[in-house]
Every structure is written in structure tokens, then in C-alpha cells.
Novice: 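If you scroll down you'll find the structure; I have some questions about it.
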Amino acid sequence: DTGVSQNPRHKITKRGQNVTFRCDPISEHNRLYWYRQTLGQGPEFLTYFQNEAQLEKSRLLSDRFSAERPKGSFSTLEIQRTEQGDSAMYLCASSFNRGLGYTFGSGTRLTVV
Amino acid sequence: AQSVSQHNHHVILSEAASLELGCNYSYGGTVNLFWYVQYPGQHLQLLLKYFSGDPLVKGIKGFEAEFIKSKFSFNLRKPSVQWSDTAEYFCAVDTGNQFYFGTGTSLTVIP
């Protein structure tokens, strides 16, 4: 499979726990994006990387959220001290430079109970 | 602030009816425009995109969209919908710094 891969597909966690998601982009794509999507809404931009550099972060990304892309390949998104409001689908997308359209992964659905 | 507006939240059509979904954006600079589709239980898939040139772009599955710069619009059209087109449709705008999505339009096609 040469698409964008996200793991896990589903995560149920108790409030206050930390969770980490992984995204493996298409190998030749240098840009990687994280989005959050809640029911009835479009995806909301969280952050993006060009290679290993995190170039932009949304105001939605509170200090409990951190993303890394240490070698410019896969990326991780960590949420610390999860809250019920963090329940959402977390989407990863990758592209080769701007404007070519993004390829999305299937997402990680987080449920905080 | 930049934004993308999709005016139709939920559209219900019978098979063979024509479809037009509205999309307007607010951004004064150069943009690239996209329509994505999300079938039930599946991930977002690119339908079509506009970068430059002919403002009428054709995508997969018989969809097309027209970029009207003066109206800041990028409406999606299909002459004859099928039951399999039932999905959520998202308009998106790439400003170069961020990629903004609209809130989506849910399309239900009745056989």
C-alpha cells in the first residue's frame, strides 16, 4: 500500500491519559499535515511539516498537543492529559509541495471517556 | 480571516437529477482550489483541483467545477447523479500557508 497510513485506526482512552498517533506519509512527499475532524464539520488544520521542520501550527494546537517528524518521514501526534473535547477523527495528509492536492490517510478516531 | 463557505449543508436528490454544490472562499491572494469527497466510512478522496488556466475543471466520476474569480466561487457540478454519489463533499482552498476546508455538504441520492 503506497498511500498514507495512520495508526491506530481507533483509540479509546480515559480522560487524563496521554495518547500518541502515528502517520506514515507517501514516501516521496515532503509535506505532512495533521487535521482534526469532528462530526458534521470539515477538517480543521492543526499543523504541518516540510521535511522535518514544523512550519506552522494552528491556534487549535494547545500546549497539550505536540507533533514531531524527526527524520522527515513519519510523524507522531501526541495529546497529553486528554479531555473529552479531544474526541475526534485525527487525519494525516501528505503532499509533494504546495498545490498538488493532498493525499489523506484513513484517520485515527479518538474517543476520550 | 480566511474561510471557505459551503452554503448547502444537506442536499437530497433523486437519481439522474443534476447537482450543483456551492463553495465560496474569502482570500485576496492566489489560491488553489479543491473538492474532496468522503464516502461513508472512508477517507477523504480528491475529486478535482484547480491551479490555473481553464477555469472549468473536470474531475473523476463525471464531476466538474468552475472557478469564477470575480465571485470567489468554485461550485461543483454533475449533470446526472447516481446513488453511489451519496457522500460528504468538502470544498478546500490552499492559500500557500494553510489548507482550509469548508464544513461540508452531505449529499443523499435516492434511487
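The basis for the numbers below is simple: all heavy atoms, side chains too, and nothing from hydrogens, waters or symmetry mates. Proteins get letters first, then strands, A, B, ... in listed order; numbering begins at 1 in each.
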Novice: May I ask you to decide whether B:Glu64 forms a salt bridge with B:Lys58, counting only side-chain N to carboxylate O separations under 4.0 Å?
Specialist: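 Salt bridge between B:Glu64 and B:Lys58, a charged N being under 4.0 Å from a carboxylate O: yes.
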Novice: How about residues 53-62 of chain A versus chain B: which residues have heavy atoms under 4.5 Å apart?
Specialist: A:Glu56
Novice: Using a 4.5 Å heavy-atom cutoff, which residues in residues 42-49 of chain A come close to chain B?
Specialist: A:Gly42, A:Pro43, A:Phe45, A:Tyr48
Novice: Pair up each side-chain donor or acceptor in residues 70-79 of chain A with any protein partner under 3.5 Å, not counting sequence neighbours, and list the distances.
Specialist:
from    : atom 1 : to      : atom 2 : distance (Å)
A:Ser75 : OG     : A:Trp34 : NE1    : 2.9
A:Ser75 : OG     : A:Glu68 : O      : 2.7

Novice: Could you check whether any side-chain heavy atom of B:Pro79 comes within less than 4.5 Å of a side-chain heavy atom of B:Ser18, counting everything from C-beta outward?
Specialist: no
Novice: Using non-hydrogen atoms only, which part of B:Phe99 is less than 4.5 Å away from chain A: side chain, backbone, both, or neither?
Specialist: both
Novice: Side chains of B:His10 and B:Thr105 only: does a donor on one sit below 3.5 Å from an acceptor on the other?
Specialist: no
Novice: Tell me if a side-chain donor or acceptor on A:Asn30 pairs with a main-chain N or O of A:Gln50 at a distance below 3.5 Å.
Specialist: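 Flag not set: sc A:Asn30 to bb A:Gln50 has no pair under 3.5 Å.
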Novice: Within a 6.0 Å radius of atom CZ on A:Arg15, are there more than 12 heavy atoms belonging to other residues, nucleotides or ligands?
Specialist: no
Novice: Tell me, side chain or backbone of B:Gln6 under 4.5 Å from chain A's heavy atoms, or both, or neither?
Specialist: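 Contact with chain A is absent: no heavy atom of B:Gln6 under 4.5 Å.
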Novice: Tell me whether B:Tyr89 shares a hydrophobic cluster with B:Ile60, the cluster being built from Ile, Leu, Val, Met, Phe, Trp, Tyr side chains joined at under 4.5 Å.
Specialist: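 B:Tyr89 clusters together with B:Ile60.
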Novice: Side-chain atoms of residues 103-112 of chain A: list all donor-acceptor pairs with protein atoms under 3.5 Å, sequence neighbours left out, distances to 0.1 Å.
Specialist:
from     : atom 1 : to     : atom 2 : distance (Å)
A:Thr108 : OG1    : A:Pro8 : O      : 2.5

Novice: Please determine, among B:Glu88, B:Gln45, B:Gln38, the option with the most heavy-atom pairs under 4.5 Å with chain A.
Specialist: B:Gln38
Novice: Measure from the ring center of A:Tyr33 to the ring center of A:Tyr102 and say whether it is less than 6.0 Å.
Specialist: yes
Novice: Please identify which of these residues, B:Phe74, B:Phe90, B:Phe63, meets the side chain to side chain contact (heavy atoms under 4.5 Å, CB included) condition with B:Trp35.
Specialist: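 The passing option is B:Phe74.
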Novice: Between B:Lys78 and B:Glu20, does any NZ, NE, NH1 or NH2 come within less than 4.0 Å of an OD or OE carboxylate oxygen?
Specialist: no
